[in-house]
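Here's the structure we're looking at; comments come further down.
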Amino acid sequence: MTDIIRRDPRAEWIARNRLHPLHAVMQAAHTVKEARWMGPNGVIRKSPHAALGFIGPNGIRRIDRSGAQQGGTTRRLGQSQETQLPLHRVDEPAFIIAVVPDMVGGRLSSHDRDLLGLAHHLAGQEGAVLAVVFGEHKETGFDTAGVDRLLQLSGHEYDGYSPEQRVLALRAVESQFLPRHWLLPDSRTGGGELGRRLAAALHERPATRVWQVKDGVCIGRAGSGSEDLTRAVPRLILASAECAEPVSETRHDAIEVMLGEGNTLRSLPRLEDLGPVAVDPALIPMAEAEFILSGGNGVQDWDLFHRAAQTLGATEGASRVAVDDGHMPRHRQVGATGTWVTARVYLAIGISGAVQHLQGIGACDKVIAVNLNAGCDMIKRADLSVIADSSAVLEALIRLVEGYRAGDWKDVA
Amino acid sequence: MADVSLEVITLVSVGAHPTSGRARRAEQDARAVELGLHLAGNRLQLLHAGNPYEEALRGYLGMGIPALHVLEQPKGADALPVLVDYLREASVQVVLTGTQAETGEGSGMLPYLLAEALGWPLVVGLAEVETIEGGSAQVLQALPRGQRRRLRVRLPFVASVDNAAPVARQSAFGPARRGQIEVQEVEVVDDILLSESTLQPSRPRPKRLKVIKAKTAADRFRAATAKASGDGGQILRDVTPEAGAEAIFKLLREEGVIR
């Protein structure tokens with residue numbers, strides 16, 4: 001649906017002309033049911049939304065009090081819908097390019113999207129891109145990211161850290177789909193390790209830290225990064241971020257495929273995952289902390305703020321004002337003049353959002369703001385904003401988390 | 001916590017200084033040696049495959065280890081088969097390596113291929129060994145963003161060490177001079193990679209351009225003048241602090257940051 005108002009002048013004219021022979025018929029067609037009904041006390045009730053008035057030629061609602069007239073146009077949608085991208089369809093793929101995205105936090109990262117773009121570059125028109133996803137995911141945009149076939153491998157054997165089981169599953173994918181290329185992100189979040197394990201298992205020599213693939217030749221960093229290695233494109237590519245442009249102009253099927261029965265073996269794990277270890281969040285460098293609780297001018301009670309950071313298990317950050325006022329040390333300052341952070345979740349308490357601060361949190365995934373002023377820039381940036389007093393919200397949050405932890409602990413015991 | 005009965009071997013390589021390119025002890029390998037010294041004390045064995053007369057190798061001896069074993073190979077030879085043969089005979093329980101070499105291909109594949117060839121489990125990004133008892137070890141693995149994960153792994157195992165491992169001690173000149181380098185002649189297996197591909201000084205990577213794919217002039221204008229702010233998230237007004245905290249808590253739980 002577009003923004004352009006489609007008018008039917010004839011219908012409008014008939015709607016205005018009560019003597020027109022078609023007036024009654026067209027009104028009946030446009031009258032919404034349940035526009036008026038008898039209430040329980042015998043009073044006639046009218047729905048103000050369903051049938052009252054009509055949209056005039058200027059887009060303004062007009063109400064005719066004579067009780068007979070209805071508009072000739074239907075109500076149009078306020079916002080324009082997203083344009084539908086052309087569908088790229090591969091019904092009978094000549095070959096398969098297999099991609100194993102990292103799926104950090106259950107979603108495709110920008111690195112994964114670059115990799116899918118590279119996969120499409122390699123697949124061309126005939127090949128299909130197969131994405132292999134382990135466990136549950138929250139991603140809804142596989143079609144626009146460029147996934148032709150989606151293989152989701154879920155099951156408790158893939159939960160947690162299970163590289164050996166995953167390599168077994170990928171070997172099953174190898175024997176079933178015979179992909180022409182395997183593409184994995186050369187990242188520290190799992191792709192680099194899984195790709196190298198897979199390469200060792202398949203006896204393929206991978207190209208690592210690849211940043212360009214062109215004309216059958218790939219270039220990757222070698223050694224400590226001061227040299228480039230140029231070679232023919234191998235079957236297994238571990239590509240670094242920004243190796244190619246992500247898919248942006250087409251939509252894809254993302255057809256679910258399954259792994260054949262009996263193909264997946266269960267291995268006896270030689271590595272046993274005993275779960276994550278509590279790390280003191282204050283010791284994690286702020287630039288690479290995952291979850292930051294940041295305070296600004298709107299924080300009155302700094303003891304409460306520190307308590308909240310401890311309870312939530314968050315690394316502390318601060319805006320420049322808080323640092324200048326002496327509430328927080330200088331190395332905790334977030335922003336262009338402090339540290340550029342890469343947190344996945346950034347909880348900003350009483351920060352209005354100066355440009356320098358917003359630059360510093362540019363790489364953050366989810367921003368939550370608690371502020372009294374609903375018009376500040378931080379609220380515009382945030383994914384979730386709460387317009388309330390920061391101290392009260394922090395206290396409530398501490399109570400919630402403590403309650404959750406206590407309940408959790410009881411469940412385990 | 002040096003363990004008297006534990007046999008640990010650390011594989012070392014010759015590194016390159018990031019700025020000058022001069023040969024030095026490799027950063028991650030030195031950390032692996034440090035970790036090995038924590039585990040086995042002076043009984044730590046060092047193994048290198050390559051040129052035994054390289055002066056930078058003495059940097060490892062200077063960390064307090066009396067001897068370094070070298071499998072002599074020319075430049076460009078494949079180190080994997082000779083290392084596998086040596087480790088099969090060596091009856092070690094823990095093999096420590098760096099994550100990737102600082103010179104040559106530096107693909108980081110060596111620990112993976114070693115583990116595959118030996119049939120041993122592999123721990124990637126070993127940060128700390130907590131306990132070793134009853135044929136298995138409890139170790140901490142370094143994850144991105146400063147996180148740690150506890151693993152139990154069967155002995156013997158291969159482990160690679162990255163920058164989360166303890167910082168290597170300084171190398172002392174006297175022990176470095178006094179240390180013995182034992183040379184062993186081995187069969188030379190050529191690596192075919194460098195005969196069919198080329199190493200060049202790295203080119204700076206092209207910066208990604210922000211391409212605006214607007215079809216109409218109005219869209220291009222909007223893209224050029226629009227503020228970088230997103231489409232705006234959910235805003236909760238006039239809510240009690242409890243309700244606001246509830247919404248925040250829900251999001252934090254969904255993102256998995258509350259543990």
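Proteins get letters first, then strands, A, B, ... in listed order; numbering begins at 1 in each. Below, all heavy atoms of this structure are taken into account, side chains as well, without hydrogens, waters or symmetry copies. Note that this is a predicted model, so its numbers are computed, not measured.
Listed for the Arg344(A) side chain is a donor-acceptor partner under 3.5 Å among the backbone atoms of Glu255(B). Of the possible donor and acceptor atoms, none in the side chain of Asp389(A) sits under 3.5 Å from a partner among the backbone N and O of Pro241(B). Listed for the Gln200(B) side chain is no donor-acceptor partner under 3.5 Å among the backbone atoms of Thr230(A).
Neither side chain, Gln212(A) nor Arg205(B), offers a donor N or O lying under 3.5 Å from an acceptor on the other. Looking only at atom types and distance, the side chain of Tyr112(B) has no donor-acceptor partner in the side chain of Glu193(A) under 3.5 Å away.
For Pro163(A), no part sits under 4.5 Å from any heavy atom of chain B, backbone or side chain. Ala308(A) does not touch chain B: none of its heavy atoms, backbone or side chain, sits under 4.5 Å away. Only the side chain of Val370(A) comes within contact range of chain B, judged by heavy atoms closer than 4.5 Å. For a residue to count as touching a neighbouring chain, one of its non-hydrogen atoms must lie under 4.5 Å from one of that chain's; by this rule Arg188(A) touches chain B with backbone and side chain alike. Of the atoms belonging to Leu283(A), not a single heavy atom falls under 4.5 Å from chain B. Looking at Ala289(A), only its backbone comes within 4.5 Å of chain B, counting heavy atoms on both sides.
Your options are Ser187(A), Pro276(A), Gly225(A), Ser226(A), and the one with the most heavy-atom pairs under 4.5 Å with chain B is Ser226(A). Ranked by heavy-atom pairs under 4.5 Å with chain A, the list Leu252(B), Ile235(B), Val153(B), Leu199(B) is led by Leu199(B). In terms of heavy-atom pairs under 4.5 Å with chain A, the best-connected choice from Gly146(B), Gly256(B), Pro206(B) is Gly146(B). Among Gly275(A), Gly220(A), Gly313(A), Pro285(A), the residue making the largest number of heavy-atom pairs under 4.5 Å with chain B is Gly275(A). With respect to chain A, the highest number of heavy-atom pairs below 4.5 Å among Pro121(B), Gly106(B), Gly104(B) belongs to Pro121(B). Residue with the most contacts toward chain A among Gly244(B), Pro201(B), Ala117(B), Pro144(B): Pro144(B) (heavy-atom pairs, distance under 4.5 Å). With chain A as the partner, the residue from Gln138(B), Gln141(B), Arg154(B), Arg237(B) showing the most heavy-atom pairs under 4.5 Å is Gln141(B). The candidate with the highest count of non-hydrogen atom pairs below 4.5 Å against chain B, out of His203(A), Arg221(A), Glu245(A), Lys138(A), is Arg221(A). The most heavy-atom pairs under 4.5 Å with chain A, out of Arg148(B), Glu242(B), Arg208(B), come from Arg208(B). With respect to chain B, the highest number of heavy-atom pairs below 4.5 Å among Val279(A), Leu229(A), Val386(A) belongs to Leu229(A).
Taken to the nearest 0.5 Å, the CD atom of Glu102(B) stands 12.0 Å off from the CD atom of Glu227(A). Atom OG1 in Thr342(A) sits 4.0 Å away from atom CZ in Arg145(B) (nearest 0.5 Å). One distance of note links CZ of Phe249(B) with CD1 of Ile368(A); it measures 11.5 Å at 0.5 Å rounding.
Taking 4.5 Å as the limit, some side-chain heavy atom of Ile284(A) sits within range of a side-chain heavy atom of Gln147(B). Two residues are said to be in side-chain contact when any heavy atoms from C-beta on lie closer than 4.5 Å; Val277(A) and Leu140(B) meet this criterion. A heavy-atom distance below 4.5 Å is found between the side chains of Asp273(A) and Arg149(B). Within the 4.5 Å cutoff, the side chain of Val345(A) has no heavy atoms near those of the Leu251(B) side chain. In this structure, the side chains of Leu151(B) and Glu272(A) stay at 4.5 Å or more apart for every pair of heavy atoms.
Proximity to chain B at a heavy-atom threshold of 4.5 Å picks out Ala392(A), Val393(A), Ala396(A), Leu397(A), Arg399(A), Leu400(A), Val401(A) from residues 390-402 of chain A, in numerical order. Along residues 156-165 of chain B, the residues that come nearer than 4.5 angstrom to chain A, judged on non-hydrogen atoms, are Asp162(B) in order of number. Identified by a heavy-atom distance below 4.5 Å to chain A, contributing residues of residues 17-28 of chain B are lacking entirely.
With sequence neighbours left out, the side chain to side chain contact (heavy atoms under 4.5 Å, CB included) criterion links Leu194(A) to Val100(A), Phe134(A), Arg166(A), Val167(A), Leu170(A), Leu184(A).
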Run the side-chain contact (heavy atoms from CB on, under 4.5 Å) test on Leu347(A) and Ile248(B) for me, step by step, so that the C-alpha distance in whole Å, both residues' side-chain angles and the decisive distance to 0.1 Å come before the verdict.
CA-CA 9 Å; Leu347(A) 179 49; Ile248(B) 294 174; 4.2 Å; yes
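Salt-bridge annotation for Glu116(B) and Arg197(A): absent, with no side-chain N of the basic residue lying under 4.0 Å from a carboxylate O of the acidic one. Salt-bridge formation is detected for the pair Glu105(B)/Arg205(A): a Lys NZ or Arg NE/NH1/NH2 atom is positioned less than 4.0 Å from an Asp or Glu carboxylate oxygen.
Atom CD of Glu254(B) has more than 12 neighbouring heavy atoms from other residues, nucleotides or ligands inside a 6.0 Å radius. No more than 12 heavy atoms of other residues, nucleotides or ligands lie within 6.0 Å of NZ in Lys250(B), so this atom counts as exposed by the packing criterion. No more than 12 heavy atoms of other residues, nucleotides or ligands lie within 6.0 Å of CG in Asp238(B), so this atom counts as exposed by the packing criterion.
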